[in-house]
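Just so you know, these numbers use all the heavy atoms, side chains as well, and skip hydrogens, waters and symmetry mates.
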Amino acid sequence: MIKVLFVCHGNICRSPMAQSVFSYLVETAGLADQFQIESAATSREEIGNPPHYGTERKLREEKIPLIPHYAIQMTRKDYDRYDYLIGMDRENICNMNRIAGGDPEEKIYRLSDFTGEGRDVADPWYTGDFEATFHDVMAGCCGLLRYIFRGKGN
């Protein structure tokens with residue numbers, strides 16, 4: 001079982017979008033039984049809240065099912081529990097390392113690491129641009145799936 005945790009600041013926009021997109025991709029590829037896919041926040045601000053309506057709307061437009069979800073916070077135990085911990089931006093990565101107590105096994109990545117673009121996935125909470133975020137998330141999730149099966153592998 002390959003375990004993936006997507007992480008953003010509040011766990012209501014980008015990370016549940018990535019969780020839903022990646023789940024859709026592995027389901028479509030017939031690989032769902034090989035994955036456990038979750039999402040979490042680095043902050044406590046949105047704990048217990050459902051995904052942002054902009055995330056819900058964009059996924060519905062793309063005909064990608066939204067994974068039922070309420071915001072939770074990443075914990076130190078998650079570092080041991082997951083094979084890949086995927087943050088959306090540099091600030092998330094910094095906070096994920098703080099929560100995990102470092103990254104000795106090199107399991108923490110930024111989603112854009114898998115696109116070759118090396119830029120942050122913009123937070124639509126601030127930008128309002130769920131379209132751009134979706135395109136970045138889709139590109140990153142496709143790249144991550146390729147990486148898992150062709151690159152480092154498991």
Side-chain angles (χ1 to χ4, degrees), residues 2-29 31-32 35-79 81-101 103 106-148:
I2 301 167
K3 298 176 183 174
V4 180
L5 181 68
F6 291 101
V7 181
C8 69
H9 181 75
N11 193 215
I12 61 168
C13 296
R14 295 171 292 174
S15 58
M17 181 184 287
Q19 178 185 4
S20 295
V21 167
F22 197 69
S23 296
Y24 174 78
L25 292 173
V26 300
E27 178 73 33
T28 302
L31 303 169
F35 284 88
Q36 177 185 340
I37 306 161
E38 304 292 339
S39 65
T42 58
S43 76
R44 298 190 49 79
E45 296 168 25
E46 300 288 345
I47 300 303
N49 289 334
H52 190 282
Y53 66 88
T55 293
E56 291 183 46
R57 185 179 64 243
K58 184 59 192 162
L59 291 172
R60 193 170 37 254
E61 285 174 13
E62 298 293 333
K63 298 182 177 32
I64 295 175
L66 175 67
I67 301 298
H69 176 77
Y70 290 94
I72 61 169
Q73 186 177 28
M74 180 185 161
T75 68
R76 184 176 294 264
K77 290 179 183 176
D78 289 332
Y79 189 81
R81 188 176 298 137
Y82 292 93
D83 303 304
Y84 298 90
L85 295 93
I86 312 294
M88 300 296 136
D89 61 38
R90 285 190 174 105
E91 186 176 333
N92 298 151
I93 299 301
C94 180
N95 289 328
M96 291 165 68
N97 274 289
R98 179 184 48 75
I99 292 167
D103 185 17
E106 298 181 351
K107 300 195 297 185
I108 296 177
Y109 300 87
R110 187 170 50 156
L111 186 59
S112 63
D113 292 345
F114 304 102
T115 67
E117 294 183 21
R119 61 185 167 85
D120 292 343
V121 175
D123 190 341
W125 174 263
Y126 299 104
T127 68
D129 191 349
F130 285 85
E131 181 75 26
T133 297
F134 175 80
H135 287 292
D136 288 347
V137 165
M138 179 60 83
C141 287
C142 288
L144 173 60
L145 192 57
R146 281 191 303 273
Y147 177 80
I148 289 171

Audit row: V21, L25, side-chain contact (heavy atoms from CB on, under 4.5 Å) steps and yes/no:
CA-CA 6 Å; V21 167; L25 292 173; 4.1 Å; yes
How many angstroms lie between CG in L66 and OG in S23, if you round to the nearest 0.5 Å?
10.0 Å
Assess the residue pair N11 and H69 against the criterion (side-chain hydrogen bond (donor to acceptor under 3.5 Å, both in side chains)); give the C-alpha distance rounded to whole Å, side-chain angles, the decisive distance to 0.1 Å, and a yes or no.
CA-CA 9 Å; N11 193 215; H69 176 77; 2.8 Å; yes
Answer yes or no on whether K58 is positioned over the face of F134, meaning its NZ or CZ is under 6.0 Å from the six-membered ring centre and within 45° of the axis.
yes
Under 3.5 Å, side chain of N92 to main-chain N/O of M88, donor-acceptor pair present?
yes
Does the pair E56 and H52 meet the rule for a side-chain hydrogen bond (donor to acceptor under 3.5 Å, both in side chains), with working shown?
CA-CA 6 Å; E56 291 183 46; H52 190 282; over 6 Å; no
Applying side-chain hydrogen bond (donor to acceptor under 3.5 Å, both in side chains), run through E46 and H9 and close with a yes or a no.
CA-CA 9 Å; E46 300 288 345; H9 181 75; over 6 Å; no
Gap separating the CG atom of N49 from the CD1 atom of I72, nearest 0.5 angstrom
13.0 Å
Over all atoms of both residues, closest heavy-atom pair of R76 and R98
NH2-O, 4.2 Å
Are I93 and Y109 close enough, and set up right, to give a side-chain contact (heavy atoms from CB on, under 4.5 Å), and what steps lead you there?
CA-CA 7 Å; I93 299 301; Y109 300 87; 5.8 Å; no
So which atom in P124 and which in C13 form the shortest heavy-atom distance, rounded to 0.1 Å?
CG-CB, 3.8 Å
Can you see which heavy atom on Y82 is nearest to which on K107, and at what distance?
O-NZ, 2.8 Å
List the steps and the verdict of side-chain contact (heavy atoms from CB on, under 4.5 Å) for D78 and R81.
CA-CA 5 Å; D78 289 332; R81 188 176 298 137; 2.6 Å; yes
Would you say the ring centroid of Y84 lies under 6.0 angstrom from that of F6?
no
D129 backbone acceptor or donor facing T133 side chain under 3.5 Å
yes
Quick check for you: to the nearest 0.5 Å, what is the distance between T75 atom OG1 and Q73 atom CD?
8.5 Å
S20 and P65: which non-hydrogen atoms are nearest, and at how many Å?
CB-O, 3.5 Å
Pairing of D89 and R119 as salt bridge, 4.0 angstrom limit:
no
Short question: side chain of D83, backbone of K3 - any donor-acceptor pair under 3.5 Å?
yes
Just how far is it from atom CE of M17 to atom SG of C8, taken to the nearest 0.5 Å?
10.0 Å
What are the two closest heavy atoms between A40 and S15, and how far apart are they?
O-OG, 3.5 Å
Checking the side chain of D103 only, and the main-chain atoms of E106 only, is there a donor and an acceptor separated by less than 3.5 Å?
yes
Looking at OG1 of T115 and CE of M138, how far apart are the two atoms once the value is rounded to the nearest 0.5 Å?
14.0 Å
How long is the gap from CG on L5 to CD on E38, to the nearest 0.5 Å?
7.5 Å
Examine the side chains of D113 and Y147 and answer whether a donor and an acceptor come within less than 3.5 Å of each other.
no
Of all heavy-atom pairs linking R14 and V137, the shortest is O-CG2, 4.4 Å
Salt bridge check, R110 against D120: does any charged N sit closer than 4.0 Å to a carboxylate O?
yes
Within the structure provided, determine whether V7 and I86 are in side-chain contact (heavy-atom separation under 4.5 Å).
no
Pair L145, V26 - check side-chain contact (heavy atoms from CB on, under 4.5 Å), show working.
CA-CA 8 Å; L145 192 57; V26 300; 3.7 Å; yes
Within the structure provided, determine whether F130 and T55 are in side-chain contact (heavy-atom separation under 4.5 Å).
yes
